[in-house]
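Remember, it's a predicted structure, so these values are computed and weren't measured experimentally.
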Amino acid sequence: QVQLVESGGGLVQAGGSLRLSCAASGRPFSRYAMGWFRQAPGKEREFVAAISWSGGSTYYADSVKGRFTISRDNAKNTLNLQMNSLKPEDTAVYYCAAAKEGKYGYTPGVYDYWGQGTQVTVSS
């Protein structure tokens, strides 16, 4: 079992930046591939970014590529998402998720554990 707690959300103007963090506890963090997803009101949860257990592989949704950077610190059991050049369409609740050993991908079904989410609002 892995417990995930997101932080760092807030209100920011378009063009601004935010850094989200996800603190993990429970089983060894380094065994899990991690991902960020988001869900806007009335929309389905969508993939944002993923990172392999070692951090050696990353994957991004086209909508955030070049603006967002996913990273992890296995020594601190922390996952991060640096978000730059934010747009109003980035407004959503952002969730971090963990996939059990051997799994890695961009669909929600790959992931076994989820945080409660943190709200990101980008004003125009």
Side-chain angles (χ1 to χ4, degrees):
Q1 192 82 9
V2 175
Q3 292 78 44
L4 304 171
V5 179
E6 302 94 337
S7 62
L11 174 63
V12 64
Q13 288 190 330
S17 298
L18 279 175
R19 184 177 178 85
L20 304 184
S21 293
C22 174
S25 60
R27 291 196 170 184
F29 178 68
S30 61
R31 292 186 177 181
Y32 295 86
M34 301 295 295
W36 286 100
F37 290 77
R38 66 187 182 187
Q39 188 167 17
K43 295 188 176 182
E44 292 188 352
R45 191 167 297 190
E46 66 171 356
F47 170 76
V48 175
I51 189 166
S52 63
W53 66 272
S54 68
S57 174
T58 57
Y59 187 71
Y60 296 92
D62 287 343
S63 59
V64 305
K65 201 172 294 183
R67 300 188 298 123
F68 291 11
T69 302
I70 189 171
S71 63
R72 66 189 298 162
D73 186 336
N74 286 345
K76 296 182 178 180
N77 291 352
T78 301
L79 175 73
N80 300 299
L81 185 69
Q82 178 66 42
M83 305 186 295
N84 298 328
S85 303
L86 282 161
K87 305 175 181 180
E89 51 264 43
D90 294 318
T91 294
V93 177
Y94 283 69
Y95 299 89
C96 70
K100 289 181 180 177
E101 196 167 358
K103 297 196 290 182
Y104 175 57
Y106 57 87
T107 57
V110 170
Y111 294 84
D112 302 286
Y113 305 104
W114 294 82
Q116 294 300 305
T118 185
Q119 176 71 47
V120 171
T121 304
V122 184
S123 62
S124 57

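- How far OH of Tyr32 is from NZ of Lys100: 7.0 Å, rounded to the nearest 0.5 Å.
- Separating the OG atom in Ser21 from the CZ atom in Arg72 is a distance of 13.5 Å, to the nearest 0.5 Å.
- We find the CZ-CD distance between Arg38 and Glu44 to be 14.0 Å, quoted to the nearest 0.5 Å.
- Every pair passing side-chain hydrogen bond (donor to acceptor under 3.5 Å, both in side chains) that includes a residue from residues 47-60 is listed here, sequence neighbours excluded: Ser57-Tyr104.
- Val64 and Tyr95 end up in different hydrophobic clusters when Ile, Leu, Val, Met, Phe, Trp and Tyr side chains are linked at under 4.5 Å.
- Looking at every heavy atom in both residues, Ser85 comes nearest to Asp90 through O-OD2, 4.5 Å.
- Ion pairing between Asp62 and Lys65 holds under the 4.0 Å rule for side-chain N and carboxylate O.
- Between Leu79 atom CG and Ser71 atom OG the span is 7.0 Å, to the nearest 0.5 Å.
- To the nearest 0.5 Å, the span separating OH on Tyr94 from CD on Glu6 amounts to 12.5 Å.
- Asn80 and Gln82 form no side-chain donor-acceptor contact under 3.5 Å, judged by distance and modelled atom types alone.
- A 6.0 Å sphere centred on CZ of Arg31 holds no more than 12 heavy atoms belonging to other residues, nucleotides or ligands.
- Residue Gln39 comes nearest to Lys43 through the heavy atom pair NE2-O, 3.1 Å, listed as atom of the first residue, atom of the second, then distance.
- Closest approach of Ala92 to Gln119, counting heavy atoms only: O-NE2, 3.4 Å.
- In this structure a side-chain-to-backbone donor-acceptor pair under 3.5 Å is missing from Thr121 to Thr91.
- You'll find the ring centres of Trp36 and Phe68 outside the 6.0 Å limit.
- Taken together through direct or relayed side-chain contacts under 4.5 Å among Ile, Leu, Val, Met, Phe, Trp and Tyr, Phe37 and Leu86 form parts of separate hydrophobic clusters.
- Nearest heavy atoms, Ala14 versus Ser124: CB-CA, 4.4 Å.
- Other residues, nucleotides and ligands contribute at most 12 non-hydrogen atoms within 6.0 Å of the NZ atom of Lys76.
- Note: the hydrophobic cluster containing Phe47 does not contain Leu20 (ILVMFWY, side chain heavy atoms under 4.5 Å, direct or indirect links).
- In this structure, Ser30 OG and Asp73 CG are separated by 11.0 Å, a value rounded to the nearest 0.5 Å.
- Looking at every heavy atom in both residues, Ala99 comes nearest to Val110 through CB-O, 3.7 Å.
- When atom types are taken as modelled, the side chain of Tyr111 and the backbone of Ala33 share no donor-acceptor pair closer than 3.5 angstrom.
- With hydrophobic clusters built from ILVMFWY side chains whose heavy atoms lie under 4.5 angstrom apart, Ile51 shares a cluster with Phe29.
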